[in-house]
Peer 1: 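Here's a structure for you.
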Amino acid sequence: MNSIAFISDIHGNITALDAVFEDLDRRGITEIYCLGDLVGYYCFFNEVIDAISKRNIPCLMGNHDFAIVHNNGVIERSKTCTRILSWQLPLLTSHSISFLKALEERKEIPVFGKQSLCVHAGLVDPIDEYVFDVNSEYLRNNHFVGDILISGHTHLPSYKKFFDGKAWLNPGSVGQPRDGDNRASYLVIKENFDVEFVRIPYDYRIIVNEMRKNGFDDYITDPLIAGKKIGL
């Protein structure tokens with residue numbers, strides 16, 4: 001049975017991404033889409049970009065990706081995010097910079113006969129709108145004409161079906177889950193439109209130790225262990 005996978009919010013966590021790719025390879029899933037936020041938070045941001053690039057995975061621009069290449073790493077609402085991105089910025093390779101600058105804000109793709117729109121965030125702001133829930137009014141007010149809206153950004157796996165056949169999905173986060181489960185999260189849609197949220201354990205200690213080596217405080221890595229959001 002054919003399947004399509006969606007990943008999002010990797011945030012420099014190559015260890016989690018490698019574990020997800022290993023699972024995807026085991027399942028034989030080759031059609032993969034990424035909803036963005038390759039950089040930010042953790043240390044292996046160039047490696048994440050290289051891994052996505054080598055697999056030719058279509059990828060959207062997330063708010064951290066935008067901030068690092070278009071706003072000098074500044075995310076106004078978060079001193080922590082700005083501090084980390086400011087550290088990452090001079091370490092980006094030329095390939096990483098060109099890759100991030102070329103990312104799209106939205107992408108329409110067919111999903112087994114249904115038309116889907118993929119964004120990092122939402123319909124109002126595809127890069128930096130937090131969408132924790134979707135209803136028919138939200139879709140209608142924003143002139144959504146497709147069948148499926150797929151978004152990331154919140155780091156929370158979500159799935160909602162509507163009476164008119166439309167649906168909204170969020171694959172959760174590969175690199176920094178925030179639903180109390182520290183396993184990497186991604187989404188699989190199967191040919192009969194069965195939806196599966198996949199959780200993959202990985203050795204988060206690699207990321208924690210590397211962050212400590214680079215002088216970052218435990219308050220940044222402790223939520224990775226707990227599957228929680230970092231404080232601003």
Side-chain angles (χ1 to χ4, degrees), residues 3-25 27 29-71 73 75 81 84-85 88-89 91-111 115-123 125-131 146 148-157 169-177 184-189 197-198 200:
S3 299
I4 302 174
F6 297 86
I7 61 176
S8 190
D9 296 281
I10 303 161
H11 289 297
N13 189 337
I14 191 63
T15 311
L17 182 61
D18 283 343
V20 166
F21 281 159
E22 183 178 344
D23 190 65
L24 286 166
D25 290 344
R27 292 167 176 255
I29 299 175
T30 57
E31 187 173 356
I32 307 165
Y33 297 90
C34 179
L35 305 183
D37 267 1
L38 306 183
V39 303
Y41 291 124
Y42 306 119
C43 298
F44 298 103
F45 42 94
N46 286 312
E47 290 84 349
V48 164
I49 294 168
D50 287 345
I52 295 291
S53 176
K54 286 176 182 177
R55 288 186 177 241
N56 294 312
I57 295 173
C59 186
L60 299 175
M61 180 172 284
N63 61 306
H64 287 251
D65 306 322
F66 181 90
I68 205 167
V69 292
H70 294 302
N71 201 33
I75 293 181
C81 292
I84 295 171
L85 287 172
Q88 292 181 358
L89 181 57
L91 301 175
L92 282 174
T93 65
S94 58
H95 170 260
S96 292
I97 293 171
S98 61
F99 185 88
L100 293 174
K101 285 185 175 180
L103 294 179
E104 301 174 272
E105 292 187 6
R106 61 184 75 217
K107 187 173 185 64
E108 293 184 0
I109 62 168
V111 178
Q115 191 63 29
S116 73
L117 173 66
C118 299
V119 293
H120 177 69
L123 295 175
D125 182 344
I127 292 177
D128 197 16
E129 174 191 2
Y130 281 101
V131 177
I148 310 165
L149 173 63
I150 305 175
S151 64
H153 197 34
T154 66
H155 297 215
L156 301 171
L169 299 109
N170 185 319
S173 172
V174 169
Q176 192 200 80
S185 176
Y186 76 93
L187 168 68
V188 172
I189 301 177
F197 291 97
V198 184
I200 303 297

Peer 1: According to side-chain hydrogen bond (donor to acceptor under 3.5 Å, both in side chains), who are the partners of Arg106, at least two apart in sequence or on a separate chain?
Peer 2: none
Peer 1: Apply side chain to side chain contact (heavy atoms under 4.5 Å, CB included) to the pair Ile52 and Phe99, showing each step before the final yes or no.
Peer 2: CA-CA 10 Å; Ile52 295 291; Phe99 185 88; 3.9 Å; yes
Peer 1: Give a yes or no answer on whether the side chain of Asp65 reaches the backbone of Leu38 with a donor-acceptor pair at less than 3.5 Å.
Peer 2: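 Yes, Asp65 side chain to Leu38 backbone: donor-acceptor pair under 3.5 Å.
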Peer 1: Side chain to side chain contact (heavy atoms under 4.5 Å, CB included) for Leu35 and Ile7? Distances and angles first, verdict last.
Peer 2: CA-CA 6 Å; Leu35 305 183; Ile7 61 176; over 6 Å; no
Peer 1: Applying side chain to side chain contact (heavy atoms under 4.5 Å, CB included) to His153 and Val131, what does each step give before you reach the verdict?
Peer 2: CA-CA 8 Å; His153 197 34; Val131 177; over 6 Å; no
Peer 1: Tell me if a side-chain donor or acceptor on Asp128 pairs with a main-chain N or O of Asn63 at a distance below 3.5 Å.
Peer 2: no
Peer 1: Return the CD1 to CG distance between Ile68 and Leu100, rounded to the nearest 0.5 Å.
Peer 2: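 Taking CD1 in Ile68 and CG in Leu100, the distance rounds to 7.0 Å.
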Peer 1: Heavy-atom distance under 4.5 Å between the side chains of Gln88 and Leu85, does that happen here?
Peer 2: yes
Peer 1: For Gly146, is there any backbone N or O sitting under 3.5 Å from a side-chain donor or acceptor partner on Ser116?
Peer 2: no
Peer 1: Can you list the residues that meet the ring pair (Phe, Tyr, Trp, His ring centres under 6.0 Å) rule with His11, with sequence neighbours excluded?
Peer 2: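 Testing His11 for ring pair (Phe, Tyr, Trp, His ring centres under 6.0 Å), a comparison that skips the adjacent residues, returns Tyr41, His64, His155.
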Peer 1: Short question: side chain of Asn170, backbone of Gly152 - any donor-acceptor pair under 3.5 Å?
Peer 2: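 Present.
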Peer 1: Do Asn13 and Val48 come within less than 4.5 Å of each other through their side chains, counting heavy atoms only?
Peer 2: no
Peer 1: Tell me every residue that passes ring pair (Phe, Tyr, Trp, His ring centres under 6.0 Å) with Phe21, counting only those two or more places apart in sequence or in another chain.
Peer 2: none
Peer 1: Okay, side chain of Ser173, backbone of Asp9: is any donor-acceptor separation there less than 3.5 Å?
Peer 2: yes
Peer 1: Mind checking the CG-OG spacing from Asp50 to Ser96? Nearest 0.5 Å is all I need.
Peer 2: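 If I round to the nearest 0.5 Å, the distance is 5.5 Å.
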Peer 1: Quick one, Gln115 with Glu108, criterion side chain to side chain contact (heavy atoms under 4.5 Å, CB included). Give me CA distance, side-chain angles, the key distance, then yes/no.
Peer 2: CA-CA 7 Å; Gln115 191 63 29; Glu108 293 184 0; 3.5 Å; yes
Peer 1: Is atom CD of Glu105 surrounded by more than 12 heavy atoms (other residues, nucleotides or ligands) closer than 6.0 Å?
Peer 2: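 Open: at most 12 neighbouring heavy atoms sit under 6.0 Å from CD of Glu105.
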Peer 1: Counting C-beta onward and ignoring hydrogens, is there a side-chain heavy-atom pair between Tyr33 and Ile150 closer than 4.5 Å?
Peer 2: no
Peer 1: For Cys118 and Phe6, which heavy atoms make the closest approach, and how far apart are they?
Peer 2: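 Closest heavy-atom pair between Cys118 and Phe6: SG-CE2, 3.8 Å.
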Peer 1: Where do Asn46 and Leu92 come nearest, in terms of heavy atoms and distance?
Peer 2: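 The pair with the smallest heavy-atom distance is OD1-CA, 3.6 Å.
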Peer 1: Strictly below 4.0 Å, N to O, side chains only: are Asp23 and Arg27 in salt-bridge contact?
Peer 2: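 Judged by the 4.0 Å cut-off on N to carboxylate O distance, Asp23 and Arg27 do form a salt bridge.
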Peer 1: Please give me the minimum heavy-atom distance between His95 and Ser98, naming the atom from each residue.
Peer 2: O-OG, 3.0 Å
Peer 1: May I ask you to test the Phe44-Asp18 pair for a side-chain heavy-atom distance under 4.5 Å?
Peer 2: no
Peer 1: With rounding to the nearest 0.5 angstrom, report the NZ to NE2 distance, Lys101 to His70.
Peer 2: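 It is 7.0 Å, given to the nearest 0.5 Å.
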Peer 1: Can you tell me how far SG of Cys34 sits from CG of Leu60, rounded to the nearest 0.5 angstrom?
Peer 2: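 It is 7.5 Å, given to the nearest 0.5 Å.
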Peer 1: Please give me the minimum heavy-atom distance between Ala16 and Ala184, naming the atom from each residue.
Peer 2: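 Minimum heavy-atom contact is CB-CB, 4.1 Å.
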Peer 1: CD1 of Ile32 to CD1 of Ile4: how many Å apart, nearest 0.5 Å?
Peer 2: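 If I round to the nearest 0.5 Å, the distance is 11.0 Å.
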Peer 1: With a 3.5 Å distance limit and no angle check, can you tell me whether Thr154 reaches the backbone of Tyr130 through a side-chain donor-acceptor pair?
Peer 2: no
Peer 1: Contact between Leu149 and Val119 at the side-chain level, heavy atoms closer than 4.5 Å - yes or no?
Peer 2: yes
Peer 1: Might you point out which heavy atoms bring Gly40 and Ile84 nearest each other, and give the distance in Å?
Peer 2: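 Nearest pair, atom of Gly40 first, then Ile84: C-CG2, 4.3 Å.
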Peer 1: Do other residues, nucleotides or ligands put more than 12 heavy atoms under 6.0 Å from Glu22 CD?
Peer 2: no
Peer 1: Minimum heavy-atom separation for Gly172 to Ser185, with atom names?
Peer 2: CA-OG, 3.9 Å
